[in-house]
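Values in this document were obtained by computation on a predicted structure and should not be read as measured data. So you know, we letter chains A, B, ... as the sequences are listed, proteins then strands, and number each from 1.
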Amino acid sequence: MRFSRLLGRSLKEAPSDAECISHSYLVRAGMIQQVSTGVYSYLPLGWRAFRKIENIIREEMDAAGGQELMMPSLQPMELWEKSGRLPSFDKTLFTLKDRKGHVMALGPTHEEIITDLVRHTVQSYRDLPQLLYQIQNKFRDEPRPRGGLLRVREFFMKDLYSFDADDAGLDESYGKMVQAYKNIYSRCGLSAVMVEADSGAIGGKASHEFMLLVESGEDEIIFCPACGYAANIEKATSIKPAGKNEAMLAVEEVATPGLRSIDEVAGFLNITTDRTLKSVFYVCDGQVVFVVIRGDFEVNETKLKNVLKCTEMHMATEAEVQQTGIVAGYASPIGLEGIKIVADDSVKLGSNFVAGANKQDTHLKNVNFLRDFKADMIVDIAKARAGDPCPRCQKPAKTERGIEVGHVFKLGTFLSEKLGAYFLDREGNYKPVIMGCYGIGLGRLLAAAIEQNHDEKGIIWPLPIAPFQVYLCPIKDDAADVARAAEKLYNNLTAIGVEVLFDDRPESPGVKFNDADLIGIPLRIVISPRTLRENAAEIKWRKEKDSQHLPLEGLAETIKSILSKALDASP
RNA sequence: CGGGGUGUAGCGCAGCGGCUAGCGCGCAUGGUUUGGGACCAUGAAGUCGGUGGUUCGAAUCCACUCACCCCGACCA
């Protein structure tokens, strides 16, 4: 490709709305352009990188036994009503009306469609297993798109759905996909970690996410360097350190004027926060729930939502709290009636806690679980903490941030039952197909790759997903011999299948070098009067500082073998 | 959905009652340059987000509205 013909130009200044690196560089390098909130066009350069990723994913899906197919974005609401997942998608679902007033949805995912498809095509255990996938755009009206390509409303996703006759089959399909995913990230030149995950709106049983670890990531993970335990913070557990276990003392009131937060109260009474009980209120499907947890822990809302089995949950507003008669800031589970109380199991770890008195400016000392208050549920709803012991091996756990670039689920049979995807097994029994689903967001993976691979000058593409492999950069190309040598090398490289971006623009060296760094093509070749004096060209990797000179003689072949060596060596 | 913010040339911004709306980058033409975002000259490019109002006069003040951004809620 000749740079002079390439659509899109680089920008010196980042768009003012770019808050993360990948967004800024993608726009500055002329790879994407925003069309609307969370809606982007890909320009040729960005699309080439995208297609590299897409091809790697397709190859791995095929290698794992997947069959590619295509399903519509336009989906009838009836299928969503049938599957019962409408409430969990709710406003996230884009809907529209056809000319007859019939409501349709723009598919946020395709489990409903594929299950319906399988219902018509799979009748016998002989038709199973099936691994079916698609690489298509999906639509979700996100409450808040952000970060350029990291969280958008229209996005490309590879989704594979597995259909098996029994649990052993599901385990096997799941295992194949986990391996395929590891292959994909590694072939893209990226290092991803697999973590245990909450299954969220998709529903189902076991679930894992694949994370690219970057500081700017919006997900937090807990991991154990000693045994390898790793989980999304939404799912993670850690061992809660026991508090002081003393003989129970009599409850007494203590005046705490104006002190509302745990830190203020603990500071005032000169005790540590693990000697206190914290009260938090949520509204779950319209019902107020009182949550009590030891003061040094935070509530993990995902866990809470799961134990309450509710579809909509939010922190109670001031007004909602007051309606229940609770005194905000001084709330207490003691003597509370008519409200569901959920206690974290940390309230059992310790004694003689300080808790609210349900009375303005007052707390209670020496509060003990069971003696002074009870709970409707006593469960683990605490956020796991770095530093606390790992649940597997008891060594201290650590925390990292990451970007979710893949998610796999064991769905089980709830969708096949709802949508009627049944088969006859060997014994003639009528059974629901057992499902799994496995998704990768392509645009997000592209952006995450940049978050993980860049410097202050620009992108540093891993070779396998770079839009071009080589940036050919003649300098002083009004000198006839430079132009001639560059043209020749460009033709030779192209002829043997090397992907070259040929910077044939009449620009100064500084402009070309800076664009080369910004766009981030892995290998840069410079031809100038200086190199021609030695009958050579300068070769430099984007990720490295130093360059070397190689003879022009047979250079195209030399470059090709350097590239294939590098591709083989990539992680 | 709550709070905050921004809409002026392709991009980044200034102008915030006074008449022909500016700057930098980019773009076009010509010339001089050429190993890390060169320089000179000339030039093209704007319904000042939209609607309505106040005023002799509105990019500027007011109201409404739309779009976009940030924080939170929420969310693969």
A/Y174 vs A/H208 aromatic rings, parallel, tilted or perpendicular, using cut-offs 30° and 60°? tilted
Before accepting this row, confirm whether a basic side-chain N of the pair A/E301/A/K383 lies closer than 4.0 Å to the acidic partner's carboxylate O. no
Tell me whether A/Q33 at atom CD has more than 12 heavy atoms from other residues, nucleotides or ligands lying less than 6.0 Å away. no
When you compare the ring of A/F155 with the six-membered ring of B/rA76's base, are the centres less than 5.5 Å apart and the planes under 30° from each other? yes
A/K12 side-chain N/O to B/rG26 phosphate OP1/OP2 under 4.0 Å: yes
What's the gap between B/rG36 and B/rA28 when it is taken at their P atoms, as a whole Å value? 24 Å
Say you pick atom P in B/rC66 and the same atom in B/rG10; how far apart are they, in whole Å? 25 Å
Set out, line by line, the N/O atom pairs under 3.5 Å between protein and nucleotides 3-7 of chain B.
none

A/E218 CD to B/rC74 P: how many Å, rounded? 14 Å
As its Watson-Crick or G-U partner within any shown strand, both distances under 3.5 Å, B/rA38 has B/rU32
Looking at B/rA21, which nucleotide sits across from it as a Watson-Crick or G-U wobble partner, both distances under 3.5 angstrom, or is there none? none
Please tell me whether A/W541 and A/Y471 form a close aromatic pair, meaning their ring centres lie under 6.0 Å apart. no
For the side chain of A/E13, counting heavy atoms from C-beta on, which of B/rG26, B/rG12, B/rA73 is nearest? B/rG12
Between C1' on B/rG37 and CD1 on A/I519, what's the gap in Å once rounded to a whole number? 13 Å
A/E234 with A/K303: basic N within carboxylate O range, under 4.0 Å: no
In whole Å, measure the gap between the C1' atoms of B/rG24 and B/rC61 for me. 30 Å
Could you check whether the side chain of A/R146 and the base of B/rC69 have a donor-acceptor pair of N or O atoms closer than 3.5 Å, going by distance alone? no
Please give the nucleotide sitting opposite B/rC61 as a Watson-Crick or G-U wobble pair, both distances under 3.5 Å, or none. B/rG53
Greater than 12 external heavy atoms within 6.0 Å of A/K138's NZ: yes
Partner nucleotide of B/rC68 by Watson-Crick or wobble geometry (both distances under 3.5 Å): B/rG5
Do the charged groups of A/D198 and A/K235 touch, with an N to O distance under 4.0 Å? no
Using a 4.0 Å heavy-atom cut-off across all strands, classify A/E142 as base, sugar-phosphate, or nothing. base
Nucleotide forming a Watson-Crick or wobble pair with B/rC27, both distances under 3.5 Å: B/rG43
Tell me the interatomic distance from A/R9, atom CZ, to B/rA28, atom C1', rounded to whole angstroms. 11 Å
For the residue pair A/H407 and A/F409, categorise the inter-ring angle as parallel (less than 30°), tilted (30 to 60°) or perpendicular (more than 60°). parallel
Parallel, tilted or perpendicular: which describes the rings of A/F94 and A/F139, with under 30° parallel and over 60° perpendicular? perpendicular
Is the number of heavy atoms from other residues, nucleotides or ligands within 6.0 Å of CD (A/E544) greater than 12? yes
Find the distance A/Q134:CD to B/rA76:C1' and express it as a whole number of Å. 14 Å
Distances under 3.5 Å between nitrogen or oxygen atoms of protein and nucleotides 66-68 of chain B:
unit_1, atom_1, unit_2, atom_2, d
B/rC68, OP1, A/S36, OG, 2.7
B/rC68, OP1, A/T37, N, 3.0
B/rC68, OP1, A/T37, OG1, 3.1
B/rC68, OP2, A/T37, OG1, 3.4
B/rC68, O5', A/T37, OG1, 2.9
B/rC68, O3', A/Q34, NE2, 3.4

Distance, C1' atom - from B/rG2 to B/rC11, rounded to whole angstrom: 33 Å
Gap in Å between the two P atoms, one belonging to B/rG26 and one to B/rC39, rounded: 9 Å
Round to the nearest Å and state the distance from A/K91 atom NZ to B/rG2 atom P. 11 Å
When you compare the side chain of A/Y161 with that of A/T109, does any pair of heavy atoms fall below 4.5 Å? yes
When the nearest nucleotide of RNA chain B is assigned to A/A14 and to A/E209 on a heavy-atom basis, which residue is associated with the more 5' position? A/A14
Reckon A/E301 touches a base, only the sugar-phosphate, or nothing at all at heavy-atom distances under 4.0 Å? sugar-phosphate
For atom CD of A/E19 and atom P of B/rG72, their distance in whole Å: 11 Å
Could you work out the separation of B/rU32 and B/rU51 based on their P atoms and round it to a whole Å? 49 Å
Can you tell which of B/rG37, B/rC11, B/rA76 lies closest to the side chain of A/L11? B/rC11
Spatial distance of atom CZ (A/R146) from atom NE2 (A/H23) [nearest 0.5 Å]: 13.5 Å
Whole Å only: how far is the CG atom of A/D141 from the C1' atom of B/rA76? 14 Å
Below 3.5 Å between N/O atoms, which protein atoms pair up with nucleotides 29-36 of chain B? Just atom names and distances, please.
unit_1, atom_1, unit_2, atom_2, d
B/rU34, O4, A/D478, OD2, 3.2
B/rG35, O2', A/R530, NH2, 3.0
B/rG35, N7, A/S528, OG, 3.3
B/rG35, O6, A/S528, OG, 2.4
B/rG35, N1, A/E538, OE1, 3.1
B/rG35, N2, A/E538, OE1, 2.4
B/rG35, N2, A/E538, OE2, 3.1
B/rG36, O6, A/R524, NH1, 2.9
B/rG36, O6, A/R524, NH2, 3.4
B/rG36, N1, A/D517, OD2, 3.0
B/rG36, N2, A/K457, NZ, 3.3
B/rG36, N2, A/N514, OD1, 3.3
B/rG36, N2, A/D517, OD2, 2.3

Residue matched to B/rC48 through Watson-Crick or wobble contacts both under 3.5 angstrom: none
If we take the C1' atom in both B/rC48 and B/rG15, what is their distance in whole Å? 10 Å
Can a side-chain donor-acceptor contact be found between A/E451 and A/H454 if the only test is distance below 3.5 angstrom? no
Aromatic plane relationship, A/F290 with A/F281 - under 30° parallel, 30 to 60° tilted, over 60° perpendicular: perpendicular
Could you give the distance separating B/rC62 and B/rG5 at their P atoms, to the nearest angstrom? 13 Å
Paired nucleotide for B/rC75 [Watson-Crick or G-U wobble; both distances under 3.5 Å]: none
Specify the separation, in whole Å, of atom NZ of A/K305 and atom C1' of B/rC74. 8 Å
Quick one, A/L190 and A/N453 - any side-chain contact, counting heavy atoms below 4.5 Å? yes
Is any side-chain nitrogen or oxygen of A/R144 closer than 4.0 Å to OP1 or OP2 of B/rC70? yes
